[in-house]
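Starting from 1, each residue takes its place in the sequence as its number.
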Amino acid sequence: MTAIAKILLLGSGELGREFVISAKRLGAHVVACDSYAGAPAMQVADEADVFSMLDGAALAAAIDRHRPDYIVPEIEAIRTEVLKDYEERGVTVAPSARATMMTMNRDRIRDLAASELGLTTSCYRYAETREEMRDAVAEVGVPCVVKPVMSSSGKGQSVVKSVDAVDDAWDYAVTGMRGDRRRVIVEAFVDFDYEITLLTVRTRGGVVFCDPIGHRQERGDYHESWQPTPMTMQAVDEAKRMAKAVVDNLGGYGLFGVEFFVKGDRVIFSELSPRPHDTGMVTLISQNLSEFDLHARAILGLPIPSLFSYGPSASAVILADRESSAFSVEGLAEALTPVFPGVELDVRIFNKPTTRPYRRMGVALALARNGDVENARAAARAAAAKIRLNGRD
């Protein structure tokens, strides 16, 4: 059988793993790439390739070697100029090389949203040195949030509560940076009621939205998410308007994770990822097509039917608490045993080869068909807590 398309997946973490499964169900041939062997997506892909995607020559060589129909980035740290070059030669980059280049850097997407599109954002300044950061914090005021312009999973992100903490925040940001750009964004602290991810799918037939996803973060990284999250219709409509404006500007086809802060009816643009979002893992149990199914369909130009929800749902992450290269996963039977009436459970173990403190190793999922979001959140947290990662070295 001939595959409907060959996909070169750049980055093979847990989000890539679920995307590979969705793409292969549709008949695609997937080559999963990452900087280390045995990454989660490699375990379910047709082929695997190991190299640094920050090495432009190695990235170009991989594209030439595999000759894909589609290049699908799953991580931020990529030589995006190489993707632009191959897109100009006729290889499709999903969603687009421009979207990848703009969103790999927080400063570029923020400037697009605030300056070009006129969307509501927090007050912000940039800094490339410790001294510039001191000036930025003085201008923005404390408390404020400091983030590297290129990072992932909250790495390098901190809250500065006093001017005495500026040096430590700079050092932490530099340590957590990805790529080779020593630049941070200093954002005024936003007084918000809650934050959401609006999964926005740009297809050849138009833009499709999933129900807003609420989420909770710790150390700048997501710990639990739930769908739907209560919002006023005015706030939902404004979030959709802003999300559509950004994704239409970026172009291409695929799923975008657009993040907002919400205060009453007021919606404030935060960030955007041109790929499935970690908070969107709740869609593995909450709706008829997961975010990974939607991304695959949009990229391949396949129709997307009406989306519907199975009921209030939640996800809770399973974190490692130590460093180990030899460990066992225990407690799965207990985690999958329902303890809340009417709540269905599922668990996804990512099969990462090593652990380290706070590394995300799996996710627990809960669906409360006859309950509410709080039932689902409690069940997902309880299930995640029953999974144990026991090191053997």
Working for side-chain contact (heavy atoms from CB on, under 4.5 Å), residues Tyr253 and Thr92: CA-CA 10 Å; Tyr253 304 111; Thr92 300; over 6 Å; no
Criterion side-chain contact (heavy atoms from CB on, under 4.5 Å) on Leu284 and Phe292, from CA distance to verdict: CA-CA 8 Å; Leu284 289 165; Phe292 310 100; 3.8 Å; yes
Derivation of the salt bridge (Lys or Arg N to Asp or Glu O under 4.0 Å) call for Glu224 and Arg377: CA-CA 8 Å; Glu224 62 173 326; Arg377 289 180 64 184; 2.9 Å; yes
Leu10/Leu83 under side-chain contact (heavy atoms from CB on, under 4.5 Å): CA gap, chis, key distance, verdict: CA-CA 11 Å; Leu10 301 180; Leu83 303 186; 3.9 Å; yes
Check against side-chain contact (heavy atoms from CB on, under 4.5 Å), Met102 and Thr100: CA-CA 6 Å; Met102 294 289 289; Thr100 303; over 6 Å; no
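The existence of a salt bridge linking Glu14 and Arg348 is excluded, since no basic side-chain nitrogen approaches an acidic carboxylate oxygen closer than 4.0 Å. A salt bridge between Glu87 and Arg98 is absent, with no side-chain N of the basic residue lying under 4.0 Å from a carboxylate O of the acidic one. A salt bridge links Asp171 with Arg130: at least one charged nitrogen is closer than 4.0 Å to a carboxylate oxygen. Under the 4.0 Å criterion applied to side-chain N and carboxylate O atoms, Arg125 and Glu139 are assigned as salt-bridge partners. Taking a cutoff of 4.0 Å between a charged side-chain nitrogen and a carboxylate oxygen, Arg369 and Glu344 qualify as a salt bridge. The existence of a salt bridge linking Arg110 and Glu187 is confirmed by a sub-4.0 Å separation between a basic side-chain nitrogen and an acidic carboxylate oxygen.
Distance check: Asp211 CG to Ser286 OG gives 8.0 Å after rounding to the nearest 0.5 Å. The line from OG1 of Thr197 to CG of Asp278 is 7.5 Å long, rounded to the nearest 0.5 Å. From Arg322, atom CZ reaches atom CG of Asn390 across 6.5 Å, with rounding to the nearest 0.5 Å. Interatomic distance, Asp46 CG to His66 NE2, rounded to the nearest 0.5 Å: 11.5 Å. To the nearest 0.5 angstrom, Arg204 atom CZ is 10.0 Å from Ile304 atom CD1. Atom-to-atom distance recorded for Leu300:CG and Asp69:CG is 9.5 Å, nearest 0.5 angstrom.
With hydrogens and angles ignored, the 3.5 Å screen pairs a side-chain donor or acceptor of Ser225 with a backbone N or O of Thr279. Under a 3.5 Å cut-off, the side chain of Asp293 and the backbone N or O of Ser290 do form a donor-acceptor pair. In this structure a side-chain-to-backbone donor-acceptor pair under 3.5 Å is present from Asn288 to Phe308. Side-chain atoms of Gln43 come within 3.5 Å of backbone N or O of Asn351 as a donor-acceptor pair. In this structure a side-chain-to-backbone donor-acceptor pair under 3.5 Å is present from Ser96 to Leu250. No donor-acceptor pair under 3.5 Å is formed between the side chain of Arg202 and the backbone N or O of Val207. The closest donor-acceptor contact from the side chain of Glu74 to the backbone of Gly16 lies under 3.5 Å. Remark: side-chain polar atoms of Ser12 are not paired, donor with acceptor, to backbone N or O of Ala39 under 3.5 angstrom. Checking side-chain atoms of Asp107 against main-chain N and O of Val149 turns up no donor-acceptor pair under 3.5 Å. Listed for the Glu291 side chain is a donor-acceptor partner under 3.5 Å among the backbone atoms of His277.
Remark: the Arg108 side chain and the Thr103 side chain contain no N/O donor-acceptor pair separated by less than 3.5 Å. A side-chain N or O of Glu330 and one of Ser328 form a donor-acceptor pair less than 3.5 Å apart. Side-chain atoms of Tyr172 and Asp167 form no donor-acceptor pair, as typed in the model, at a separation below 3.5 Å.
The heavy-atom pair separating Arg356 from Ala320 by the smallest distance is O-CB, 3.3 Å. Looking at every heavy atom in both residues, Val160 comes nearest to Ala165 through CG1-CB, 4.3 Å. Closest non-hydrogen pair, Gly371 versus Pro312, comes out as O-CG, 3.6 Å. Of all heavy-atom pairs between Tyr124 and Asp111, the closest is OH-OD1, 3.1 Å. In terms of heavy atoms, Val343 sits closest to Ala368 at CG2-CB, 4.0 Å. Nearest heavy-atom pair, Ala380 versus Ala366, reported as atom, atom and distance to 0.1 Å: N-CB, 3.7 Å.
In this structure, Arg183 forms a cation-pi arrangement with Tyr126, its terminal cationic atom sitting closer than 6.0 Å to the ring centre and no more than 45° off the ring axis. No cation-pi contact links Arg275 to Phe256, judged by a cut-off of 6.0 Å to the six-membered ring centre and 45° from its axis. No cation-pi contact links Arg216 to Tyr222, judged by a cut-off of 6.0 Å to the six-membered ring centre and 45° from its axis.
Side-chain atoms of Leu255 and Leu199, non-hydrogen and from C-beta on, do get closer than 4.5 Å to each other. The shortest side-chain heavy-atom distance between Gln227 and Thr283 falls under the 4.5 Å cut-off. Looking only at side-chain heavy atoms (C-beta outward), Val373 and Ser313 stay at 4.5 Å or farther from each other. Counting only heavy atoms from C-beta outward, the side chains of Tyr86 and Ile63 approach each other to under 4.5 Å. For the pair Leu8 and Val30, the minimum side-chain heavy-atom distance is 4.5 Å or more. With a 4.5 Å cut-off on side-chain heavy atoms, Val142 and Lys161 do not count as touching. Residues Leu332 and Leu336 meet the side-chain proximity criterion, which asks for heavy atoms closer than 4.5 Å. Side-chain contact between Phe19 and Ile21: absent, with no pair of heavy atoms (C-beta onward) separated by less than 4.5 Å.
Paired with Phe192 under the rule ring-ring contact (aromatic ring centres under 6.0 Å, His included), one option of Phe260, Phe261, Phe269 passes, and it is Phe261.
In terms of the salt bridge (charged side-chain N to carboxylate O under 4.0 Å, His left out) criterion, residue partners of Glu238 (sequence neighbours excluded) are, by chain and number, Arg241.
For Lys263, the NZ atom sits in a packed shell: over 12 heavy atoms of surrounding residues, nucleotides or ligands are nearer than 6.0 Å. Annotation for Lys84: atom NZ does not count as buried by contact number, only 12 or fewer foreign heavy atoms lying within 6.0 Å. By the 6.0 Å contact criterion, CZ on Arg266 is open, its count of non-hydrogen atoms from other residues, nucleotides or ligands being 12 or less. Within a 6.0 Å radius of NZ in Lys24, other residues, nucleotides and ligands contribute more than 12 heavy atoms. Summarising the local packing, OH of Tyr358 is surrounded by 12 or fewer heavy atoms from other residues, nucleotides or ligands at distances under 6.0 Å. Counting non-hydrogen atoms of other residues, nucleotides and ligands closer than 6.0 Å to CZ of Arg89 gives a total above 12.
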